[in-house]
Amino acid sequence: MAWQIVRRLLIFVGSVLVASLAVFWLLSGIGDPARVQLGTGATEEGVRQLREQMGLNRPFFTRYLEWLGGTLHGDFGSSYISHAAIGPQLADRLSVTLWLVLGAMVLSVVVALPLGMLAALWHRRWAGTLISGITQLGVAVPAFLVGILLIALFAVRLGWLPSGSYVVPAQDPGGFLEHMILPWLSLGLVQAAVLTRYVRTAVLDQMGQDYLRTARAKGLTPWQALLRHGLRNAAIPVLTVLGVQLVTILVGAVVVEQVFVIPGIGQWLVDSVGNQDLLTVQAIVITLVAIALAVSFVVDVLYTLVDPRLRHG
Amino acid sequence: MSRPVGPARNGAAEADGPVLQVSGLRIGTRRTELVHGVDLRMGRRERVGIIGASGSGKTLTCMAIAGLLPPELVVTGSVRLAGVDRDLVGAPERLMTGVRGRRIGMVFQEPMTALNPTMTIRRQVAEVLLRHRTVPRSAARRVVLDLLASTGLPEPDRIARSYPHQLSGGQRQRVVLAIALANEPQLLICDEPTTALDVTVQATVLDLILERSAAVDAAVLFISHDLAVVATVCDRILVMQDGHVVEQGATVDVLAHPEHPYTRQLLADADLSVPAGEAS
Amino acid sequence: GTSSSSSSSSSSASSSSAGAGGSSAGGATSGSSGGSGSSGTSSAAPVSDASLSIGFILEPTSLDFTQADGAAIPQVMLTNVYETLVKLDQKGDIVPSLAEKYDVSADRKTYTFTLRSGVKFSNGTPMTADDVKFSFDRVTTAWKPAIKAEMGVVASTTVVSPTVVEVTLKQPSNSWLFDITGRVGAVFSKTGVADLATKPIGTGPYVFQTWNRGDSIVLQRNDAYWGQKPDVKTVTFKYFKDPSAMNSALLTGGIQVVSTEQTPETLGQFKDTSKYQIVQGATDGEVMMTMNDGKAPLSDVRVRQAINYALDKQAILQGAWSGYGTVIGSHESPNDPWFVDLANKYPHDVAKAKELLAAAGQSNLTLNLTLPPVPYATAAAPIIVSQLQEAGITVKASDVTFPVWLDQVFGKADYDLTIINHVEPRDIATLWANPQYYTRYDNKEVQQLLAAGDAGTQEQYVADYKKAVGILADDAAAAWLWSFPNLMVADANVKGLPKNLVGEAFVLSDLSVA
Amino acid sequence: MTVTTAGPDPVPDRAAGEPAVVVESVSRRFVRRRGPFRPARVVDALDGVSLTVPRGARFGIVGESGSGKTTLMKIIAGLDAPTSGRVTVAGTDVTGRSGRQLDDLRRRLQVVFQDPMGSLDPRMRIGQIVAEPLQAQGRPGVREAVDRALRQVGLDPAIAGRYPHQFSGGQRQRISIARAVAPDPEILIADEAVSALDVTVRATILELLETIAAERSLTLIFVSHDLSVIRRVCDRVAVLRAGHLVEAGPTEQVWSHPQDAYTRGLLAAVPTLDRALAAARQRAGGAGGTGVAGVAGGTAPGRAGVAAGEPAGAPARQRAGGDPGAGSGS
Amino acid sequence: MAEPVSTATGPAVSPEPAQAAVAPLPAAERRRPGALLVTGGTIVALVVVVAVVSFFWTPWSTIYTDVLHWHAGPGTAGHLLGTDIRGRDVASLLMAGAQTTLYVGLLAVGIAAVVGTPLGILAGMTSRRWTEVILRITDLWLAFPALLLALTFATIWKSSLTSAMIAIGVATIPSFIRVVRSGTVVVMSSDYVQAARVAGRRGPAIAVRHVLPNVMGLVIVQVSVAYAIAILAEAALSYLGLGAGPTTPSWGRMLFENSSLLQAGYPVVLLWPGLAVALAVLGFNLLGDGLRDRLDPRLVGR
Ligand SMILES: Nc1ncnc2c1ncn2[C@@H]1O[C@H](COP(=O)(O)OP(=O)(O)OP(=O)(O)O)[C@@H](O)[C@H]1O
Ligand SMILES: Nc1ncnc2c1ncn2[C@@H]1O[C@H](COP(=O)(O)OP(=O)(O)OP(=O)(O)O)[C@@H](O)[C@H]1O
Ligand SMILES: [Mg+2]
Ligand SMILES: [Mg+2]
C-alpha cells in the first residue's frame, strides 16, 4: 500500500514536470506576454522594457527552473497580468467549477443510466429508437444553446430561476442550488446524452450473456436483471467514459460558465491563455493534470471494485 | 411416439393433479422449427428425465417451460403449472417473474457463464431469496451459507465471499444448484446439472437433488447424457431426437426395454468399455 | 501665474470659481453645486441606500492601473475611486475636480492648480499638493503601461503651498491637460500606494470593497466624500463574457444596467419603455478597417480610395451593428472638438472603385483580412468581404487570437487589412503621426499639423486637427467604418446614465435609482 | 504427498523419444486481491505437482472439481505461468515464455477448453473459429480442413456461417473439439471435452480421438470427471486432489489397485446403469418404496448386460490395437 | 485419416438431426440491414451528396451578403431558407457547410480513432508496465487543454480549419485510448482469447481478429460522440480566432454567429444550422448504432 502511494506520487511529480515543460514551451512560442499586457497603446520601447522587467529575456530554462523552484515551495507565483497570487484564486475557481461539473455529472448519470438501459432493452422497438434519436440530438445540441434556451424559458419568460451568477454554497445553500439548477441542466443534459449512448452500448454488450438468463430464472424481471446484473458488468466502459468526461468537462465547461456567468476555471484558462499569462496557465494545467491522475486512480480502483476479474493475481 | 403415457405407475403423483402439463409445445425460429410438439405431464414429486441427442431440443424445451427462450425464437403450445391459473406460454412477464425462481427453479447447462462475474456468490444466492421474500433480509446470510453447505461445497463461507471466476466449474455448478433450490420450488429443471462435477460430488449433488426435491414435494425435470445418472434420479424418461419425443415411459421400461431404434443406439453407446461399433 | 489666457473653456473657468465656494463648505450635509459640474446632482435630500448592479464585458486584470494596462481598470477606478485634478464633462469639456481652479501661464507651459481643501483620502489622510506631486512624479518612475508616456511632456512638478501645485511642461501641449483627466492624472496618497492591487486608496465618491475575480467588483459609497455624495450606496460591476448572458441578467433583474450592448440586434427585447430605457450616445472609439499603408499595393492611394468607394458603410453599420453608431469618414469621434462630418467623402460607388483599381493596375487584387476575435470585427468582416468582392477584390479573411493579432498585426505590421476599434480618446496622433505605428502611414504634413495643433492655442488645436482629419480622409489612410456607439440599456428607473462615454471612466456619481 | 511418474523407472516402451510433457514440481498460487485496501488471500491451486506424459500416451487426469486440473492444463499450454516449477513440452521449457517463443508449442499443442461458450468468440462465425489455428499456422487448404473437422465431430459443414450463440451446449463443445483437431496437433489437451455430449456423439468423438491417437501417435491429455471415459480412453491416469497429485500410474493398475483412499472413493462413486436401473426398478416396483439405491443390481434383464462393467473389470478391449499401456511404479 | 473415422462415424452419429435443426440461415435474413442502418446511411449519404453538389453549385454565393435583407425569413427575395444575421443566404451556407462538416469528421475523428484505438488496444494487451506507461501518458494528455493544443497548432500552421481539427483530433485521442482499453481488458480476460493463443495467434492477430471486433461497439459510439463534439468545437475554436476564417461556411459557426438572434426574436435563423448539425450527427450516430448492432451477432435477426 505504501509503495502504491509512493509510486502514484512519483508518477504525479513526473507528469507535472512533463506537463509544465510542455506548457512552458508551447506558450513561449505563441506570443509575447509583455505585448499583450500593453495592448494597443504599446510602443516598441515600452514592450522591450516590460519584457526586461518581467524577465522574459532570460533563457527558457532559467525561467523554467525558477518557476519550478517556486512551485516546489508550494507557490504558484503571481500572475504576469494581475500580479495577484495565483494559488488562492485557483482554489476559488476550481471549487466553483467542481461544483458545476460534479453536479452536472450526477445529473447526467441519473438521467443517462435509465435512458441508456431503456434504449438497450428496447433497441428494436420504436421507443428505444426514439430514445436513441433524442439522445443523439442531445449530443448534437451545443451546451451554450441549451443554456440560452433554458435561460430564456425559466429565467426570462417564467422568472422561476435566476439567469446566472454564482453563489457560494457555504454562505447561502438555497441560493446556491437556485443558481446552479440551470447550469447543471445545460451541462448535465448534454453530458447525459453522451453518456446514454455509452450505457446503451455497454448494456447491449451484456444482453446476450448467460448470467442475465440466470438472473431472470431467479424471477427478476428483464429490467431488474439489467439493473442489478447487466449494469454492473456494463460499468467498466461507463466508468471509463465518466472519468474521461469528468476531466474534459472541467475545461469544456467554459461555455456554460460564460453563459451563466460562473467564475470557474475554464473561463479563467481561456482568459489566461488569451493574455499569455504563462504562470496562470501553468498552474491551471498542473491542477488539471493532478485531477486527471486522481480521477484515473479512482476509476482504476472502481474497476476492481465492480469487476473482480481485474484484480490481478 | 411409440409409448403412450399410460396410467402412471406412481399413481400417487396423479392423485392431486399434475404439477406441469405441457402439450403441443413447438419452438422455432422464424423459418425453421426446432422442436416439433412436445407433450409432457409431470405429477407431484415425479422426476422425469430427458435424454437425447445433442441438439435435439432438450434445452430449448426447458427454456420454453420457464419462459426464457431468447427473443428470436417463437414458441407455441401450452405449458400449465399447478397453482398458476394461466398458460405460461404467452403469459405476461409479470406473472413469469413470480413463477421463476419461486415455483420453478433452474440449473443451467453451462456453469461457467451462468453466474454474474462481478458479484459475490453470496449476493447472487441471496438475491433469489430476497427477490421472492421467502427469507427475511436478516436471515439471508445464514440461509445462503446453509444452502451452499447443503450442496456439498467445502468452506461455504469462503465460497460465499468468492467471485465466480475464482471457483472451479464444479463449484460454480453447485452454486447454481443452490440458487435453483433456494426457494423450494414446485418444479426443478436441471439441464445437465452434473456434467461439470466429479463423480463424488456428482453423487452428493444427485442425492441433494433427490433429497431436497422430495423434501419440498418438487417435481424434477432432469436432462443428462449420463444414462446412469438419469436412471438414478428419474422415475420416467423421455427420449428426444431431432425435436421430437421419440419414446417415453418409466425409467426401467425405457432403459431396460427400449423400443425406438435411437434409444437402443443410445444404450449401446453408453457402455464405454465396449466400442460402439462392436457392441451392436 | 496670471489668470488663464486661454483656459479650456470659459464655462470651465466659471465653474471652477463657483466650485471654490462650494468646496470650502466641504461638509457632509450641503455639498451642493460641488465641482462635479454635471447635471442631476442638485438634490440635497438625504442620500438613499439604493444599490445598483451594472453589467460589463471586460473584467480588469488588476485594480492597479499603474502596473497593468487595459481600459477595464480605469472604467471602474477612475473618477469613482481615484480622482483627477480636472475632469471631462458630458460635452467633453475639461472642468475642475480636485483642483478648485487652474491657471495657465502665457507661454502655456506652466499650469498652476489650486487644490480643494478638506479633501481626504479613504485612509484618512488629507489630500495635499505633496500627494499631487508624488503622484505625477510617480508616473514616469514607477508606472508600467505605455500610457505613462503622456506624462513625458512634464518638465517638473513643484509644490508651491499645501494647496497649490505648479506643473511645468517641456513644450506647450493641449493634449496634456486632456490626458490628465485620465489615468495619468489620478491623485494617489503618498502613504497609500503600498498595495494598490488589493487596497486602492483614493479620494473619490466610492471606495473599493470587494472583488470576486471572474465575477464582480463592488464599490461602496465613500461617506467621507468631499463633494456631493452619490445617491447609490453600493455599486456592483458585474462581468459577463457572454453578451446575451448580460441581456438575460437585465431581463431577470440580475443587473439594472447593461453598460455596453454588444449584440445590438437584440435590443428589440427592451422595447417596453415602461420597463427599460435605451441610452444611445457616442464613445471615443472609431471602428476602422486599417490598411497597411506601407505595403504594396495598399501603399497606392488609389487602391485605398477604391476600397473606400467599394464599401457601403451605411450597410456595413446596419448589418454589423444594427445601425447603431455613426458612419465616419476619418479618424474622429463626434465627441472630439474637431469633428467634421466626412461620412460622405467616399460614397458607395463600385464603378468608381473598379476604375481606380484599373488605374492602379490592380484589377485582380487579392488581400488578406486578419481579424482579431472581437464582435464588431467578426460582424463586419463578412459584409466587407462581400462588398469588396463585387468591386473585384478578393479578400481572404482569417481569424487570429488576440496575442497573435498583437504580435503579427500590431507589432510587426505583417498584414494587409484588419478591423479594430481604437477606443482611446483623442488618439489621432498616436495612429497617424508615427510612421512606425502599425498603420505605417507616413505623411509629413499630417505629422506637422498634429504637432503644431497640440502645442498651439485651443483654437489652433481644433483648426489644425480638423485639417489633419481632412488630409487623412483624402489619403484614404484607412477605411473608417463607424464611430462606436455608447449603447446602454437599463431599467427605466435608473437615472443619470451618461449619454456619451467620455474619457476612460464609467462615472457612477451621477446615477440614482428612482 | 506427491507421486511422480517421472520417478525411478522410466517407461520402457517409449525410451525412443523424450516425453511429450514433463511437469516438475509445479505450483500455482492465486492471490485474490479483495479490493485495494484489504489484505490479499491466497489459494494454492497447484502445489508441487510433478508428472511425465510420455510421447504418444493417452494421459488422463481426474480429480474432484476445484482440484486444479484446469489450472494445470493452462500451465502446460503456456496460457498461465506457474508460481514455481517447470514445464517442458517436447523437450523445450515453456514456463515463462511468451509470443514468438511459444510458436513451436502452438504448432504441436491444441486445447479443448472446458467452457465451450466462453472459448468461442461470440463475434466470429463457426467457420472462422475452426479455421483460426490453421490460418495462424499458415496451413494450406483451410476450407477443406474445416469442413472435414466439422464433419468428424458430427456437424454439418453448412453451419460454418453461423454464430456460437445459435448452438446447443453439445454442439458448441463439438465445435471446440473440431477447432482443436483440425490442425493435427501432436499434443491434445482436452479439458472436459465430452461432458456435454450425448452418449452417441460422445462415443463417436472418443473414437475419433482414439483413431487420431493411434494413427499419428497423438499425445492426449484428457481431463474428465467421468471415470468411465478416462478408463476407456486413457492408458495412464493421474489423480489430483486439492492441488496435490495423489496417485498416478497405468489406468488399469489404478483401477484395480487404487493406492489412495480418495481414489478408492472416486471409483466407488461411479454410477452404473445397472445399479441405477435396479434401484429404479425397486422404487417403481415396491409401491411407495424408499428411493434408496441398492448397491448392486440383482438380475438385470434386457439391455442391462451391455451396461458398464464393474470397477475392476477386464482391460479395455479397444486398446489391443494401440500401444500397450506402460507399467509404472507405484 | 479421414476415411476410417468417417466410416466409423457414419452409422453412429447421423448428421441429419444436426443438419435439420442447424440449417444455415438464408443469406437474405443475415444481410437485411436494420432500420437504424438504413436511416443513418440515408442521412449520411444526403450530407455527402449535398457537400459534393455544393462544390459546383449553391443557390447564392456563400460570401454574398444581401444588404437589404438581414436575417430575413424563408422565401424572402429568392432566399429559400432566408438569410442569416449578416445577410448571407442560409441555404447556400448550409450546403457548403456540409463540406466542412465532413472534413471535420474525417480529420478530427479520423485522427482520434486511428491513433487512439490501436493505442487503447495496446494498453489493454501489453504487460502491466507498458500499460502503466501508456495510461499515465494518456492521463496527462487528457488533462492537457485542447485549447492550448489548438493555439500551438494555429501558430505552427497559421490558424485554419485544418489546424483546429488536428488539435481537436489530437486532444480526443486519449479518450479513445481509455475507452478502448477498458473494453480490451474485458475481452482479454475471456477464454476465447486464450483459445486464440492456443491456436497460435500472436498479439497483433488477436488484437485484430478478436479484440477489435469485440470493442468495435465502443469505438463506434466513441466516434459518433467525438464527431458531434468536433463539429461544435470547430465553431468554438473559430470564434476564438483559432479556426477557419469567417467566410468559411460551417454549421457550428452559423450557430455561434446567429445565437444572438434567439434573443432578438428571429430564432428561425438558428433553426437551420441547428437542424443540419442535429441531422448530420443523428445520421452518423444512427449509422454507428446500426453498424454496432450489426456487428453483434447475438442481436442480428431479433
Ligand atoms: N483466477 C483465479 N483466481 C483465484 N483462484 C482461482 C483462479 N482460477 C482458479 N482458482 C482456484 O483454483 C482452484 C483450482 O481450479 P481449477 O479450475 O483448476 O479446478 P478444476 O480442477 O479444473 O475443477 P473443475 O473440474 O471443477 O473444473 C479452485 O479452488 C479455484 O477456485
Ligand atoms: N438461438 C438459436 N437460433 C437458432 N437455432 C438455435 C438457437 N438456439 C438453439 N438452436 C438450435 O436448436 C436446436 C436445439 O437446441 P438445444 O439447445 O435445445 O439442444 P439440446 O438438446 O439441449 O442439446 P445439448 O445436449 O447439446 O445441449 C439445436 O440444433 C440448436 O442449434
Ligand atoms: Mg442443452
Ligand atoms: Mg476445470
Side-chain angles (χ1 to χ4, degrees), chain A residues 11 14-15 18-19 22-23 26-27 29-31 123-124 129 132-133 136-137 139-142 144-145 148-149 152 194 197-198 200-202 204-205 207-208 236-237 239-241 243-244 247-248 251 254-255 269-270 273-274 281 284-285 288-293 295-296 303 307 309-310 312, chain E residues 34-36 128 132 135-136 138-140 142-149 151-152 154-155 171 174-175 178-179 181-183 185-186 189 217-218 220-222 224-225 228-229 231-232 235-236 240 252 255-256 259 262-263 270 274 277-282 285-286 289 292-293 296 298-299 302:
Chain A
I11 288 172
S15 305
V18 174
V23 174
L26 288 182
L27 274 187
I30 286 169
H123 74 281
R124 276 293 152 105
T129 314
S132 293
Q136 281 150 5
L137 287 186
V139 178
V141 178
F144 82 90
L145 261 188
I148 294 178
L149 283 171
V194 174
R197 316 255 310 107
Y198 286 102
R200 174 184 185 272
T201 303
L204 273 182
D205 277 344
M207 291 231 315
I236 292 273
L239 268 178
T240 309
V241 170
V244 171
V247 174
T248 47
V251 180
V254 52
V255 187
L269 178 73
V270 173
V273 167
V281 176
I284 297 174
V285 170
L288 291 177
V289 168
I291 292 176
L293 293 176
V295 166
S296 91
Y303 277 172
D307 195 339
R309 284 169 299 183
L310 300 180
H312 301 282
Chain E
L36 291 173
R128 285 184 77 189
E132 189 77 8
L135 286 186
R136 294 297 88 86
T138 309
D139 287 341
L140 208 109
L142 191 64
F144 213 78
L147 182 71
L148 270 182
L149 287 175
L151 252 166
T152 315
T155 330
S175 59
R178 280 208 144 261
V179 169
R181 182 214 161 223
S182 74
V185 167
V186 174
S189 70
L218 282 176
I220 287 173
V221 174
Q222 183 74 26
S224 53
V225 169
I229 292 172
I231 291 184
L232 300 175
L240 292 172
L255 277 178
F256 266 93
S259 65
L262 199 67
Q263 286 189 337
L270 227 65
V277 172
L279 197 71
V281 171
L282 186 71
N285 278 286
L286 288 178
D289 275 0
R292 190 226 155 279
D293 293 357
D296 190 343
R298 284 167 300 194
L299 300 178
R302 284 195 189 175

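Below, read A as the first sequence line, B as the second, and so on, with proteins coming before strands; counting in each chain starts at 1. The figures here come from the full heavy-atom set of this structure, side chains too, leaving out hydrogens, waters and symmetry mates.
- The nearest pair of heavy atoms linking Thr240(A) to Ser182(E) is OG1-CB, 3.2 Å.
- Proximity to chain E (any heavy atom under 4.5 Å) is restricted, for Val281(A), to the side chain, taken from C-beta onward.
- Only the side chain of Val247(A) comes within less than 4.5 Å of a heavy atom of chain E; its backbone N, CA, C and O stay farther away.
- For the options Leu135(E), Leu140(E), Val281(E), heavy-atom pairs under 4.5 Å to chain A are most numerous at Leu140(E).
- Residue Leu282(E) touches chain A through both its backbone and its side chain, counting heavy-atom pairs closer than 4.5 Å.
- In this view, Ala202(A) and Ala234(A), Pro237(A), Val238(A) satisfy the side chain to side chain contact (heavy atoms under 4.5 Å, CB included) rule, not counting sequence neighbours.
- Of the atoms belonging to Ile220(E), not a single heavy atom falls under 4.5 Å from chain A.
- Taking the salt bridge (charged side-chain N to carboxylate O under 4.0 Å, His left out) definition, one finds that Arg181(E) meets it with nothing, sequence neighbours left out.
- In this structure, CG in Leu270(E) is found 8.0 Å from CD1 in Ile148(A), a value given to the nearest 0.5 Å.
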